[in-house]
Amino acid sequence: MQSDPVSPPAVFTEGSTMRHVVVMTAAASVGLISIFLVDLLSLLYVSRLGDANLTAAVGFATQVMFFSVSICIGLSIAIGALVSRAIGAGDRPAARRFAASGLVHVVLVTAFVSSAAWPLRREILMLFGARGEALDVGATYLAITLPVTVFLGLGMSLAGILRAIGDPRRAMYVTLAGALATAALDPVFIFGFGLGVNGAAIVTIISRIIFVVVGLHGASRKHRLIARPSAAAAIADVPAMMGIAVPAILTNLAAPVAGAYSMRIFSQFGDAVVAAFAIIDRVNPVAFGVLFALSGSVGPIMGQNLGAKLIGRVRQVLTNCFVVAALYVVVVALALRQAAPLVVDLFHAKGETADLVTFFCAYGGPLWLFLGAIFVANAAFNNLGFPFLSTLFNWGRATLGAIPFVTFGAAHYGPEGGYLGLIAGSALFGVGAVVAAYWVTGRLAKNHKDA
C-alpha cells in the first residue's frame, strides 16, 4: 500500500517573501503566458485566412468566453484560499476535504453556466454588437467551446490547489501542457484539415481536457491532496467556499462586463475597429500576463502566512507585489511601444485596424499599471477575508470607471478617445485599491495585536 506523501507544510511562512513572490510568479507566468501566447497564435492563424470578419468573430466570442473564464477564476481563488489557509494552520485533512468539495462545486457551477449560455449564444453575441458573418461564425465557435467550460474550471482549480500547497512547478505544468498541445494542433486543424475557426475551437476542447488530466496527476496522485468526494462534506463546505467564491466571481465578472460594454461602443465604428480590439486583446495578455500570474500566485503566500498569524509577513508580501508589478509594467510598456510595427505586420493589419493597433501598443502601458495595482489588491482582499472590497473596486472600475469615460471619449474622439477613457477610469480606482489594501493589512495587524 502506497503511503500518503507528506509535502512540506506552510513553506511560505519562512524565508524571503520577495523570493516566494518572484518564484511563484515566474512559475505561474510560464504556464499562463503560454496559454495567452497560443491564443495569440490561434488568432494569428485566423487572421491569415484573410477575412476581417473571421478575426472579429473570434474577438466577439472571446469576450463572451471571458465571462466563463471569470467564473472559473473566482472558483479557483476560493479553493486556493481555503486549502492554503488549512495548510498554514497545519490541518492537512481539512485541506484535502476543501479540495474535494471545491472541485464538486466547480463541476456543478460551470455545468450550469455553460448549459444556460449555450442556447442563448447568438443573442449574447448580438448584445456585444456582433452581426452578419461575424455573428454566425462566433455563434458556431461558442457552440463548440462552451460545453468544455467544466474542464476549464477543473483545470484552473487543480492548478490553484497545487499552488496552495507550494508546488508552482506542477501548477505550471497544468497550463503549459494544454498550451503546448494547442500550439501543435492549431495549424493542423485550422489549415491542414481546412476547418478554419472551427478547427481552433476543436483544439480548445482538447487542451481543456489535457488541463484536467495533468492537474489531477499532480494534485491527487503526487500530493494526494484531494479527499474522496462526499456529498455531505460538499454541502457542509458550501458556506466557506461560496463566501469567497461568490465575491471573487462577482469581482472577476466586472472585467468582462466592462469589456462587453466597450466592445459594443467600439463595434459602432465597424469591423475594422473590432478586429483591432481582437488583436490587442490577445497581445496584451501575452505582454502583461505576468500581472495575472502575480495576482493568482500571491494568494497562497498570503493565505499560509495568515493561517500562521504572521501578519507582518502578509504586509511584506503585499509591498513586494506592488513593486514587482510596477517595475514589470514599465519595462514591458516601453518594449511594446517599440514593437508596434511588428505586431501590425504579424497580423497583416491594414488601414484603420493597423492605426488602432499601433495606438494601443503605444498607450496601453498606463492602463496596465493601474490594472496591475487592482489585481494585486484583489489578491489581498480575497485571501485576507475582505472579498467584498475586491467586488467593490472591480465593479466600480467596470461601471463608474468605464461607462462614462468610454462613452464620452468615444463620442468626442473616436475609438482612441474611448481607450483613453478606460485609462482615466482605471487610474481612479487603481489608486483607491492600493490605499484600501494597506488599510486591510493594517487592520489585521491591529486585530492581531489586540488579540
Side-chain angles (χ1 to χ4, degrees), residues 32-47 52-70 73 124-125 127-130 134 137-138 141-142 145 179 182 186 197 200-201 204 252-267 269-292 332-333 336 339-340 343-344 346-349 352-368 371-372 375 397-398 402 406 410 415-416 418-423 426:
L32 193 59
I33 292 180
S34 65
I35 291 179
F36 293 145
L37 183 58
V38 295
D39 283 346
L40 177 68
L41 288 174
S42 294
L43 187 66
L44 179 62
Y45 294 141
V46 171
S47 70
N53 289 319
L54 299 181
T55 305
V58 175
F60 282 120
T62 299
Q63 289 293 331
V64 175
M65 290 298 295
F66 278 165
F67 283 87
S68 298
V69 171
S70 297
I73 291 173
I124 295 172
L125 285 168
L127 286 175
F128 280 63
V137 176
Y141 184 92
L142 289 177
T145 56
T182 303
D186 255 345
V197 174
T204 297
N252 283 283
L253 283 176
V257 166
Y261 179 80
S262 300
M263 182 67 83
R264 183 171 180 84
I265 292 294
F266 295 130
S267 69
F269 296 99
D271 284 345
V273 174
V274 174
F277 271 89
I279 291 171
I280 209 65
D281 274 347
R282 295 299 176 90
V283 171
N284 274 340
V286 174
F288 298 100
V290 168
L291 298 178
F292 295 96
V332 173
L336 187 59
V343 175
V344 170
L346 278 175
F347 286 92
H348 290 181
E352 189 175 10
T353 300
D355 293 339
L356 281 174
V357 169
T358 301
F359 178 84
F360 296 152
C361 288
Y363 296 100
L367 173 64
W368 285 93
L371 289 180
F375 291 166
R397 187 193 74 84
V406 172
E416 295 88 348
Y419 194 72
L420 292 176
L422 279 176
I423 297 175
S426 297

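- Across every non-hydrogen atom of Ala258 and Ala402, the tightest pair is CB-CB, 4.2 Å.
- Side-chain contact between Phe67 and Ile124 is absent, with no heavy-atom pair separated by less than 4.5 Å.
- Taking 4.5 Å as the limit, some side-chain heavy atom of Thr358 sits within range of a side-chain heavy atom of Val344.
- For Ala333, the side-chain contact (heavy atoms from CB on, under 4.5 Å) criterion is met by no residue, not counting sequence neighbours.
- Phe359 places none of its side-chain heavy atoms less than 4.5 Å from the side chain of Ile280.
- For Asp281, the side-chain hydrogen bond (donor to acceptor under 3.5 Å, both in side chains) partners are Gln63, not counting sequence neighbours.
- The closest side-chain heavy-atom distance from Leu336 to Val283 is below 4.5 Å.
- Listed by chain and residue number, Leu367, Phe370, Leu371, Arg397 satisfy the side-chain contact (heavy atoms from CB on, under 4.5 Å) test with Ser426 (two or more places apart in sequence, or in another chain).
- Here the closest heavy-atom approach between residue Thr353 and residue Ala272 is recorded as OG1-O, 2.7 Å.
- Take Tyr419 and apply the ring pair (Phe, Tyr, Trp, His ring centres under 6.0 Å) test, not counting sequence neighbours, and it matches Phe360.
- The distance from the OH atom of Tyr141 to the CG atom of Leu54 is 12.5 Å, given to the nearest 0.5 Å.
- Going from atom CG of Leu356 over to atom SG of Cys361 covers 11.0 Å, rounded to the nearest 0.5 Å.
- The side-chain hydrogen bond (donor to acceptor under 3.5 Å, both in side chains) check on Tyr45 picks up nothing, with sequence neighbours excluded.
- In terms of heavy atoms, Phe60 sits closest to Ser267 at CZ-CB, 4.3 Å.
- Taking CE from Met263 and CG from Leu125, the interatomic distance works out to 10.5 Å, rounded to the nearest 0.5 Å.
- In this structure, the side chain of Thr204 engages the main chain of Ala200 through a donor-acceptor pair within 3.5 Å.
- In the displayed structure, Tyr363 atom OH is contacted under 6.0 Å by at most 12 heavy atoms of other residues, nucleotides or ligands.
- Between Leu422 and Ser262, the shortest heavy-atom contact is CD2-OG, 3.9 Å.
- Contacts of Tyr261 classified as ring pair (Phe, Tyr, Trp, His ring centres under 6.0 Å), with partners at least two apart in sequence or in another chain: none.
- A parallel orientation is assigned to the rings of Trp368 and Phe288, their planes being inclined by less than 30° (bins at 30° and 60°).
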